[in-house]
Participant: 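This is the structure, below, for whatever I ask next.
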Amino acid sequence: MTQAREISTKIRSVQGTRKITRAMEMVAASKMRKAQDRMFAARPYAEKIREVIGHLAKSHPEFHHLFLEKREVKRVGFIIVSTDRGLCGSLNTNLFKLALNSILEWQKKGADVRLCLLGQKAEAFFRRIKGEVSALTTHLGDKPAVKDLYGIVKVMFDAYAQKELDLLYIVHNEFINTMRQQPLMRQVLPIEPEERTTQLDYYWDYIYEPDAKEVLSLLLRRYVESQVYQAVVENIASEQSARMVAMKNASDNAKQLIDDLKLAYNKARQAAITKELADIIGGAEALNG
Amino acid sequence: MSETTLQVDIVSAEGAIYSGSVNMVFTMGISGELGIAPGHAQLLTMLKPGPVRLLTQGGQLEEVLYVSGGILEVQPFGVTILADTAVRAADLDEAIALEAKQKAENMLKKKQDWMTYSTAASELARAAAQISAIHYLKKRDKL
């Protein structure tokens, strides 16, 4: 009977694990929906601000703003958005691979690389990589506020403004749908103005208060903030859906394992009974004989 | 869209706050109070933290919202407010930026407290602006 008991202990432990993975799957599913809502809620702001910047850049060609101009690239900044926790499949690994490839490429070209890390996973990973880490934020939680990002955005933004950076990328996971997330690297600065296909009917310009330059620099700062916020929220939605899928797979595997173990348990139990019966019958026959 | 109304959209980076057509908008611009009626010239201004008043239904109804600063864009047919999600002060931003830097510097060590005077000052500014919005609402309801 010892073998059967061993198996039943094992079954119980796998059942326990399965309960946990099921629960995590459910939690991730509900968090994902909320994260998705936040992701969509952030879009109108980013679109509007882009529109205004586009107009400003068009109607004031005389001031080549620092943030719209391409410079020779000597120093590159990367904002890398990762998760705080694991158990979300290959989400972070794929992201870091993409970031690392690009970092190595720039380093080969002789550019300095500065990193700005979000999330504990990035902290743990990039600690081992050569490259200056200029800002770090962890434990943003599931509901990050734009407020939580001011610090790191300011570090990178000011570095760019003081020409300590010539190019700024943001690396995060793009949420395509529940089943698919894709690592994505985007250029944040300098801003590439969208090509407007339709020409303006007539020339117009805003009245600026206090003046165009100040408004523009505020707009740009808010723009970068909203870009980073959006990346963070999108990464959270990706994290939750990746976790949901990973946990679903784990639950399915656990179910499979339990079924197999149950079969083994029944076989062992049956074998034990048969053996016992054989012993009894053997014993009885010996007495009769 | 008729000529007597403006489309107003108030959005923050974290989500939409208000959307609808109104007759007039009153708010605090960086260089003074603003009243915007339909057909206003294009205007782009920074906002001070404070109430935004919206007159709807022919000026009979009034809605008051509170924004903690941001940017106001006016087009002849509509108004967009890109609201900040919190009151911003330059020195507070500085403090937070410093924290992020420091955190990077001692990635392995524990981080410290940075709640300072600037945090308190910005909290106070926000509270004051909120109080003024509340006062305004109270006064209006009495009349």
Side-chain angles (χ1 to χ4, degrees), chain A residues 37-38 40-49 51-52 55-56 115-118 123-124 126-127 132-138 143-158 204-210 212 214-216 218-219 221-223 225-230 233, chain B residues 9-17 19 28-32 34 36 40-48 68-76 78-108 111 114 119 122:
Chain A
D37 289 346
R38 270 195 290 280
F40 293 128
R43 268 181 199 165
Y45 186 87
E47 273 164 26
K48 193 74 208 174
I49 213 158
E51 203 180 299
V52 178
H55 182 261
L56 265 170
L115 302 174
C116 165
L117 307 175
L118 282 99
E123 180 188 346
F126 285 99
R127 189 180 288 166
E132 196 186 328
V133 180
S134 38
L136 172 74
T137 297
T138 54
K143 286 178 272 207
V146 181
K147 201 164 72 196
D148 303 330
L149 304 171
Y150 289 165
I152 51 141
V153 172
K154 192 173 162 58
V155 171
M156 296 316 259
F157 194 88
D158 288 352
W204 61 273
D205 197 5
Y206 294 109
I207 305 166
Y208 299 96
E209 276 176 26
E214 248 177 272
V215 176
L216 184 58
L218 181 73
L219 268 171
R221 185 170 297 237
R222 294 290 181 275
Y223 171 74
E225 273 165 14
S226 87
Q227 289 289 303
V228 176
Y229 175 74
Q230 193 144 28
V233 179
Chain B
D9 293 294
I10 303 181
V11 290
S12 78
E14 283 167 20
I17 297 169
S19 179
M28 286 295 287
I30 195 89
S31 31
L34 288 165
I36 296 141
H40 194 287
Q42 284 96 349
L43 169 75
L44 199 63
T45 177
M46 299 177 185
L47 289 179
K48 277 188 195 164
S68 22
I71 298 154
L72 171 83
E73 188 215 11
V74 183
Q75 296 280 357
V79 169
T80 311
I81 295 178
L82 300 164
D84 287 348
T85 44
V87 172
R88 306 288 293 267
D91 50 345
L92 178 60
D93 280 11
E94 198 69 52
I96 304 170
L98 267 176
E99 194 214 9
K101 264 188 196 161
Q102 226 149 51
K103 218 174 160 185
E105 275 161 20
N106 37 1
M107 225 148 123
L108 297 162
K111 64 258 160 196
W114 55 273
T119 328
S122 122

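A, B, ... follow the sequence lines: proteins, then strands. Residue 1 opens every chain. Atoms considered below: every heavy atom in the structure, side chains included; atoms not considered: hydrogens, waters and symmetry mates.
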Participant: Hey, is the main chain of V146(A) close enough, under 3.5 Å, to the side chain of E14(B) for a donor-acceptor pair?
Facilitator: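 Answer holds: yes.
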
Participant: Side chain from CB out, backbone as N, CA, C, O: work out which of these in V52(A) comes under 4.5 Å of a heavy atom of chain B, or both, or neither.
Facilitator: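 Looking at V52(A), just its side chain touches chain B.
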
Participant: Determine the option with the most heavy-atom pairs under 4.5 angstrom with chain B, choosing from V233(A), L218(A), T137(A), D37(A).
Facilitator: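 Counting heavy-atom pairs under 4.5 Å, the top option is L218(A).
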
Participant: Which bit of Q230(A) is near chain B, if near means a heavy-atom gap under 4.5 Å: side chain, backbone, both or neither?
Facilitator: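 Neither part; nothing is under 4.5 Å.
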
Participant: Relative to chain B, which of C116(A), P44(A), P210(A), P144(A) shows the most heavy atom pairs under 4.5 Å?
Facilitator: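 So the answer, after comparing C116(A), P44(A), P210(A), P144(A), is P210(A).
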
Participant: Counting only non-hydrogen atoms closer than 4.5 Å, does A46(A) touch chain B with its backbone (N, CA, C, O), its side chain (CB onward), both, or neither?
Facilitator: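 Nothing of A46(A), per the 4.5 Å heavy-atom cut-off to chain B.
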
Participant: Quick one: side-chain contact (heavy atoms from CB on, under 4.5 Å) partners of Q75(B), sequence neighbours excluded?
Facilitator: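 By the side-chain contact (heavy atoms from CB on, under 4.5 Å) rule, Q75(B) matches W204(A), Y206(A), Q42(B), E73(B), F77(B).
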
Participant: Looking only at heavy atoms, which two atoms of L34(B) and E209(A) are closest? And how far apart?
Facilitator: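 Minimum heavy-atom contact is CD2-OE1, 4.5 Å.
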
Participant: Please classify the contact between L82(B) and chain A as side chain, backbone, both or neither, with a heavy-atom cut-off of under 4.5 Å.
Facilitator: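 Looking at L82(B), backbone and side chain both touch chain A.
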
Participant: Report the residues that fulfil ring pair (Phe, Tyr, Trp, His ring centres under 6.0 Å) with F157(A), sequence neighbours left out, ordered by chain and then residue number.
Facilitator: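 Applying ring pair (Phe, Tyr, Trp, His ring centres under 6.0 Å) to F157(A) gives F67(A).
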
Participant: Quick one: do D9(B) and K48(A) satisfy salt bridge (Lys or Arg N to Asp or Glu O under 4.0 Å)? Show the steps, please.
Facilitator: CA-CA 10 Å; D9(B) 293 294; K48(A) 193 74 208 174; over 6 Å; no

Participant: Could you tell me if the side chain of L219(A) sits less than 4.5 Å from the side chain of L44(B), heavy atoms only?
Facilitator: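 L44(B) vs L219(A): side chains touch.
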
Participant: Side chains of Y208(A) and T45(B), heavy atoms from C-beta outward: is any pair under 4.5 Å?
Facilitator: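 Not in contact.
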
Participant: Using a 4.5 Å cut-off on heavy atoms from C-beta on, say whether the side chain of R222(A) contacts that of D84(B).
Facilitator: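 When only atoms from C-beta onward are counted, R222(A) and D84(B) do touch, with a gap below 4.5 Å.
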
Participant: Between atom CZ of R221(A) and atom CD1 of I71(B), what is the distance when rounded to the nearest 0.5 Å?
Facilitator: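 With rounding to 0.5 Å, CZ (R221(A)) is 11.5 Å from CD1 (I71(B)).
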
Participant: How many angstroms lie between OH in Y45(A) and CD1 in I17(B), if you round to the nearest 0.5 Å?
Facilitator: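 It comes to 10.0 Å.
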
